[in-house]
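Below is one structure, written out as structure tokens; the observations come after it.
Note: hydrogens, waters and symmetry copies are ignored here, and every other heavy atom, side chains too, is used.
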Amino acid sequence: MPTSVELQDPMKYYLFWLIIAVVFVAAVIFAQIFFRILLKDQLRRKKEKKPKIKKVSKKPLPVLKWEYLQRMNYLERTIGSGGVERRSAYQELSGLIRDFTHDVTGIKVQNYSLREIRRLGMPQLTALVQEYYEPEFARQSMADLRGSLFRTRKAIEQWY
């Protein structure tokens, strides 16, 4: 029985969908490359700038040093009497040196991670905070608390 409708070969449909798929994949790859380049340029422009270290304290540096050395003396006496355990002592030391740095420079290092402190370019502060990390967060530590106290005191005394 003859029909008025002519049927097309199924292969013609496959070729059409294959072309659409290839065009779609090419468009996705192009968009990926375009946006990566665009975002990379924006990230380069927005790179974090190193905070400027400036003296912003209302108190003179010798007064600040004296105040923080008094806090160190109190902490040493408390540790000597057994009133503070090792982990808490390191947390206190970390807070003390971070507060001192904030008071002297105005940079809020209390909220900074070790990586962010490294970017500041303060090697003495970086070394101290790195020294505190293990005993501050570990369950048990064999760190030298007396040595840490001495180095913290020396850093405050020699601050410029």
Could you state whether [X] and [Y] fall into the same hydrophobic cluster, counting links through intermediate Ile, Leu, Val, Met, Phe, Trp or Tyr residues with side-chain heavy atoms under 4.5 angstrom apart?
X	Y	answer
Leu114	Leu125	yes
Trp66	Ile97	no
Phe150	Phe100	no
Val63	Tyr74	no
Ile33	Val25	yes

Apply side-chain contact (heavy atoms from CB on, under 4.5 Å) to residues Ile79 and Glu92 and explain how you reach the verdict. CA-CA 11 Å; Ile79 291 169; Glu92 288 288 326; over 6 Å; no
Those residues that, when tested against Arg77, pass side-chain hydrogen bond (donor to acceptor under 3.5 Å, both in side chains) (two or more places apart): none
Do [X] and [Y] have side chains that get closer than 4.5 Å, going by heavy atoms?
X	Y	value
Arg153	Asn73	yes
Leu96	Ile156	yes
Leu149	Leu75	yes

Testing Val129, Thr101, Ile117 for side chain to side chain contact (heavy atoms under 4.5 Å, CB included) with Met122, which one passes? Thr101
Residue Gln140 excluded, over 12 heavy atoms near CD under 6.0 Å: no
Looking at Glu131, I'd like to know if its CD atom is crowded, meaning that more than 12 non-hydrogen atoms belonging to other residues, nucleotides or ligands lie closer than 6.0 Å. yes
Going by the rule salt bridge (charged side-chain N to carboxylate O under 4.0 Å, His left out), which residues pair with Arg98 if we only count those two or more places apart in sequence or in a different chain? none
side-chain hydrogen bond (donor to acceptor under 3.5 Å, both in side chains) assessment of Tyr132 paired with Ser148: CA-CA 8 Å; Tyr132 303 153; Ser148 296; over 6 Å; no
Give me the ring orientation class for Tyr133 and Phe137: parallel if the planes are under 30° apart, tilted from 30 to 60°, perpendicular past 60°. perpendicular
Dump the intermediate steps for side-chain contact (heavy atoms from CB on, under 4.5 Å) on Thr105 and Trp159, then the final yes or no. CA-CA 11 Å; Thr105 64; Trp159 194 275; 3.9 Å; yes
